[in-house]
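Inspection log for the structure reproduced underneath, given as structure tokens.
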Amino acid sequence: MANAYKNIQKTINAAGSDVDMYECPAATTAVFKSIRLFNTHSGTLTVTTKVYDSSSTTDFEFSTNNPTASDSADMLTFNNVLVLEAGDKLKMQCATADKIKMTAAVLQISRS
């Protein structure tokens with residue numbers, strides 16, 4: 001078993017549709033320590049986050065955040081973590097493309 005700490009940075013690059021922000025690699029479990037959104041737009045935007053569970057091939061609503069203009073929002077609060085299994089995905093959606101940037105701290109635990 002190997003542990004690797006990753007800093008994931010992505011932008012929601014499509015308007016009004018789900019964007020895969022992270023996919024857990026094969027034979028790996030991912031533990032999200034933090035997920036932070038930053039809004040570069042001139043107004044407040046709504047970000048909807050889903051978790052795709054590959055074992056049930058289903059999207060599950062995770063959170064809705066409303067970061068204000070030129071500000072950030074933390075998705076995971078004190079003592080909360082998000083765990084993804086191999087093939088699971090973190091997806092985000094916003095009505096305006098290229099204005100929400102995500103930074104996440106992830107521990108990947110490899111079973112191989």
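Computation of the quantities below employed the complete heavy-atom set of this structure, encompassing side-chain atoms and omitting hydrogens, waters and symmetry-equivalent molecules.
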Original post:
Of the non-hydrogen atoms in Ala26 and Ala86, which two are nearest, and what is the gap between them?
Top reply: CA-CB, 4.0 Å

Subject >> Which atom of Ala73 lies closest to which atom of Pro67, heavy atoms considered >> reply: CB-CB, 4.1 Å

Original post:
Going through the checks in order, is the ring pair (Phe, Tyr, Trp, His ring centres under 6.0 Å) test met by Tyr22 and Phe32?
Top reply: CA-CA 11 Å; Tyr22 175 84; Phe32 283 77; 5.2 Å; yes

Subject >> Ile12-Leu76 co-clustered via ILVMFWY side chain contacts under 4.5 Å >> reply: yes

**OP:** Calculate, to the nearest 0.5 Å, the distance between atoms OG1 and CG belonging to Thr49 and Leu90 respectively.
**Re:** 6.0 Å

**OP:** Ignoring hydrogens and angles, state whether a donor on the side chain of Asn66 or Thr44 is under 3.5 Å from an acceptor on the partner side chain.
**Re:** no

**OP:** Test side chain to side chain contact (heavy atoms under 4.5 Å, CB included) on Arg111 and Thr28 and set out the steps.
**Re:** CA-CA 6 Å; Arg111 294 187 297 274; Thr28 302; 5.6 Å; no

**OP:** Indicate whether the side chain of Ser55 and that of Asp53 have a donor and an acceptor atom separated by less than 3.5 Å.
**Re:** yes

**OP:** Check whether Leu84 and Tyr52 end up in the same hydrophobic cluster, where Ile, Leu, Val, Met, Phe, Trp and Tyr are linked by side-chain heavy atoms less than 4.5 Å apart.
**Re:** no

Original post:
Does Tyr5 share a hydrophobic cluster with Met21, counting links as ILVMFWY side-chain heavy atoms below 4.5 Å and allowing steps through other members?
Top reply: no

Original post:
Do we see a donor-acceptor contact under 3.5 Å between the side chains of Ser63 and Asn65?
Top reply: yes

Original post:
Of all heavy-atom pairs between Ala95 and Ala15, which one has the smallest distance, and what is that distance?
Top reply: O-CB, 3.3 Å

**OP:** Tell me whether Phe38 is reachable from Ile35 by hopping between hydrophobic residues (I, L, V, M, F, W, Y) whose side-chain heavy atoms are closer than 4.5 Å.
**Re:** no

**OP:** For the pair Thr40 and Lys101, evaluate side chain to side chain contact (heavy atoms under 4.5 Å, CB included) and give the outcome as yes or no after the intermediate values.
**Re:** CA-CA 8 Å; Thr40 63; Lys101 301 183 185 318; 3.9 Å; yes

**OP:** Output the distance between atom OG1 (Thr64) and atom NZ (Lys50), rounded to the nearest 0.5 Å.
**Re:** 10.0 Å

Subject >> same_hphob_cluster(Leu107, Val83) at 4.5 Å side-chain heavy-atom cutoff >> reply: yes

Original post:
Short question: side chain of Asp20, backbone of Lys91 - any donor-acceptor pair under 3.5 Å?
Top reply: no

Original post:
Under the side chain to side chain contact (heavy atoms under 4.5 Å, CB included) criterion, do Asn3 and Gln108 qualify, and how do the steps go?
Top reply: CA-CA 6 Å; Asn3 293 341; Gln108 292 180 337; over 6 Å; no

Subject >> Any donor-acceptor pair under 3.5 Å from Thr29 side chain to Glu85 backbone >> reply: no

Original post:
Does Phe78 reach the side chain of Asn80, with side-chain heavy atoms less than 4.5 Å apart?
Top reply: no

Subject >> Close side-chain approach of Met92 to Leu37, heavy-atom, < 4.5 Å >> reply: yes

Subject >> Asn39 side, atom CG; Asp71 side, atom CG - distance, nearest 0.5 Å >> reply: 8.0 Å

**OP:** Verify side chain to side chain contact (heavy atoms under 4.5 Å, CB included) between Val31 and Ile109, making sure each step is shown before the conclusion.
**Re:** CA-CA 8 Å; Val31 180; Ile109 305 166; 4.3 Å; yes

Subject >> Short side-chain to backbone donor-acceptor contact, Asp88 and Ser54, under 3.5 Å >> reply: yes

Original post:
So how far is it from Gln93 CD to Asp18 CG, rounded to the nearest 0.5 Å?
Top reply: 5.0 Å

Original post:
If you measure only the distance, is there a donor-acceptor pair under 3.5 Å linking the side chains of Thr103 and Arg36?
Top reply: no

